[in-house]
Amino acid sequence: MFASVKEQMDIIREGTVEIIPEDELVKKFEKSIKKNTPLNIKLGCDPSRPDLHIGHSVVLNKLRQFQELGHNAILIVGDYTGMIGDPSGKKKTRPQLTFEETRINGESYFEQAGKILDVSRARVVYNSEWLSKLDLKELINLLSKFTVQRILERDDFTNRLKDQTEIALHELLYPIMQGYDSYAIDADVELGGTDQKFNNLVGRDVQKRFGKEQQVVITMPLIEGTDGSEKMSKSMDNAIGITEDPKDIFGKTMSIPDILIYKYFQLTTKVSLEELAEIKKTLENSENNPRDTKRRLGYELVKLYYDAETAEKTIEEFDKVFIKKETPDDIPDHEVKVDSIKLIDLLTEAKLSESKTVARKLIEQGAVSIDGKKQSDMNLVIDLKDGMVFKVGKRKFMKIKK
RNA sequence: GGGUAGGUAGCGAAGCGGUCAAACGCAACAGACUGUAAAUCUGUCGACAAUUGUCUUCGGAGGUUCGAAUCCUUCCCUACCCA
């Protein structure tokens with residue numbers, strides 16, 4: 001049984017940037033109710049970057065809503081395109097994946113998405129299934145339905161032409177291949193970030209050219225990463241991974257700029273609309289410390305990807321280390337076999353610093369302490385004792401184990 | 001195929017024979033401060049050794065020179081214009 005069209009629309013519309021076109025979605029819902037068949041909701045996944053971060057969760061959350069409304073979630077792993085290798089980086093050609101890698105990554109993607117989706121009711125397909133069967137004749141037929149101008153309209157390409165960065169020929173085919181995926185699985189709706197708008201619209205074109213019903217494209221906002229300016233991505237090193245340690249999820253959340261707090265709540269957590277309104281009010285009142293709201297955000301995220309208990313513990317640890325500046329409970333051990341060692345050698349060996357030179361600089365800057373006592377002698381030789389606690393910077397700790 | 005402009009540290013970008021381990025910006029790291037791993041300010045930011053030293057870096061390989069990121073040869077790569 002499906003909910004009413006209005007109910008479904010209200011839920012789906014929430015948080016989206018665009019629904020193209022909205023009236024077609026209404027019609028699709030109507031038809032689905034009348035025929036009592038679920039809609040196919042497509043989401044493409046990139047198997048070259050199998051680590052999901054909370055930026056991906058925005059779109060996955062929307063997909064989950066569709067699931068909850070009784071529709072089919074279809075995850076498409078772009079293994080075929082992954083095997084060809086997408087050199088979308090500026091200079092580096094992306095390493096081409098082997099067949100095995102795409103499978104492993106695909107599975108890992110699926111597993112991670114399971115933290116958000118109901119995977120037992122989701123379908124995963126690999127696009128090699130149909131793309132590898134296209135022969136040149138069919139490919140040419142497919143390509144003949146598009147013009148260079150149409151493909152170059154895409155912002156990315158336009159900008160790259162302007163910036164004089166290379167565009168590999170096959171990159172031009174990507175949108176068409178992705179569009180072909182929609183045709184192959186009979187997608188009714190395709191979800192994606194706003195950056196995928198163009199690609200997803202091409203899906204509509206492909207379906208139309210081949211005489212199929214066109215999909216509705218729903219775009220979701222992209223969120224900025226922890227640096228607050230660039231879109232969250234692993235390559236920008238500003239992402240919060242959903243499989244990261246609770247303390248990293250929490251800590252990284254605490255490092256986002258204050259202005260992003262609301263957006264994160266809205267797009268990456270499951271808090272209700274009422275709570276959202278309350279959070280907004282809290283943030284607008286300058287008497288409140290944004291830190292406290294941010295801390296709640298971190299709590300919500302840890303709770304989402306772990307559980308409430310872990311979230312409580314994480315918050316306690318954070319307070320202890322960063323607000324009260326105490327030593328955390330859980331410190332990694334470093335096993336030593338010798339009785340004494342130079343401090344700089346120890347720090348390097350234990351990976352608390354990258355090199356001895358860096359270790360020296362850290363000591364010079366007063367970043368190193370042993371059992372709470374700041375060390376300033378870079379030639380210091382330490383007599384190692386079991387249980388000694390070393391601290392480097394604000395968050396690197398190590399306990400000696402003999 | 002012809003022409004032009006380029007390839008510099010994590011990225012962007014100066015330098016165009018010695019004073020270059022290489023300006024500057026961003027990122028990163030550290031310190032101070034702070035209601036936060038926000039913001040702001042200060043510092044560090046190739047490696048090794050130590051108190052002004054040594055070694056490896058400026059697309060690759062050779063060469064010229066007392067001395068090269070800087071000049072020459074050659075190769076590889078990229079963008080743009082022309083065909």
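Just so you know, these numbers come straight off a predicted model, no measurement behind them. So that the names make sense, note that chain A is the first sequence line, chain B the second, and so on, each numbered from 1.
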Rounded to whole angstroms, how far apart are CG on Asn238(A) and C1' on C11(B)?
14 Å
Taking only the C1' atom of each, what is the distance from U65(B) to G10(B) in whole angstrom?
34 Å
Separation of atom CD1 in Ile323(A) from atom P in A38(B), rounded to whole Å:
12 Å
Using a strict threshold of under 4.0 Å (side-chain N to carboxylate O), is an ion pair present between Glu213(A) and Lys31(A)?
yes
To the nearest angstrom, how far is Ile240(A) atom CD1 from A38(B) atom C1'?
13 Å
Rounded to the nearest 0.5 Å, what separation is found between the CG atom of Leu260(A) and the CD atom of Gln266(A)?
11.5 Å
Met254(A) has an atom CE; how far is it from atom P of A37(B), in whole Å?
7 Å
Euclidean distance, atom CG of residue Leu347(A) to atom C1' of C29(B) [Å, nearest integer]:
14 Å
Per atom distances to the Lys374(A) side chain, the nearest of A38(B), A37(B), A32(B) is A32(B)
A30(B) versus C72(B) - spacing of their C1' atoms, nearest Å:
46 Å
When the C1' atoms of G59(B) and A5(B) are compared, how many Å lie between them, rounded to an integer?
16 Å
For U74(B), the Watson-Crick or wobble partner whose two distances fall under 3.5 Å
G60(B)
Applying a 4.0 Å non-hydrogen cut-off, can you work out what Phe318(A) is touching in the nucleic acid: base, sugar-phosphate, or nothing?
base
Heavy-atom nearest nucleotide on RNA chain B for Phe250(A) versus Lys394(A): which residue maps closer to 5'?
Lys394(A)
If you measure from the P atom in C45(B) to the same atom in C66(B), how many Å do you get, rounded?
35 Å
Strictly by Watson-Crick or wobble contacts shorter than 3.5 Å, is anything paired with A69(B), and which nucleotide is it?
none
Tell me the partner of G17(B), counting only Watson-Crick (N1-N3 plus N6-O4 or O6-N4) or G-U wobble (N1-O2 and O6-N3) with both under 3.5 Å; none if nothing fits.
none
Before we go on, tell me: are the rings of Tyr262(A) and Phe265(A) under 6.0 Å apart, centre to centre?
no
Nearest-Å distance once atom C1' is located in both G3(B) and C55(B):
43 Å
Atom C1', compared across A21(B) and G46(B): separation rounded to whole Å
7 Å
Kindly determine whether Asn40(A) and Asn72(A) satisfy side-chain hydrogen bond (donor to acceptor under 3.5 Å, both in side chains), including the steps that lead there.
CA-CA 5 Å; Asn40(A) 289 334; Asn72(A) 295 332; 3.2 Å; yes
Any chance the side chains of His334(A) and Glu349(A) put a donor and an acceptor closer than 3.5 Å?
yes
Report the base-pairing partner of C29(B) (Watson-Crick or G-U wobble, both distances below 3.5 angstrom), or none.
G43(B)
Once you round it to whole Å, what is the distance between C1' of A38(B) and CZ of Phe322(A)?
14 Å
Mind checking the P distance from U19(B) to G12(B)? Whole angstroms is fine.
26 Å
Sticking with atom C1', work out how far G67(B) lies from C75(B), rounded to a whole angstrom.
26 Å
Can a donor-acceptor pair be found between the side chains of Gln214(A) and Gln207(A) at a distance below 3.5 Å?
no
Let's test this: given Watson-Crick or G-U wobble pairing with both distances under 3.5 Å, identify the partner of A83(B).
none
Given the structure, check if the side chain of Lys325(A) and the base of U34(B) hold any donor-acceptor pair shorter than 3.5 Å.
yes
Nearest-nucleotide 5' precedence on RNA chain B, Ile256(A) against Asp292(A)
Asp292(A)
So, Thr16(A) and Lys62(A): side-chain donor and acceptor under 3.5 Å apart, yes or no?
no
Scanning all shown strands, the Watson-Crick or wobble mate of G53(B) with both distances under 3.5 Å is C48(B)
No-hydrogen, no-angle side-chain donor-acceptor test under 3.5 Å, Asn238(A) and Thr226(A):
no
Member of Glu190(A), Glu24(A), Gln215(A) meeting the side-chain hydrogen bond (donor to acceptor under 3.5 Å, both in side chains) criterion with Arg204(A):
Glu24(A)
Protein-nucleotide distance (Lys247(A), atom NZ; A37(B), atom C1'), rounded to Å:
13 Å
Sugar-phosphate only, base, or nothing, as touched by Gly366(A) at under 4.0 Å among non-hydrogen atoms
sugar-phosphate
Summarise how protein sits on nucleotides 39-50 of chain B as a single string, 5' to 3': B when a protein heavy atom is under 4.0 Å from the base, S for sugar-phosphate-only contact, - for no contact.
----BSS-SBBB
Length of the CZ-C1' vector between Arg395(A) and C29(B), whole Å:
9 Å
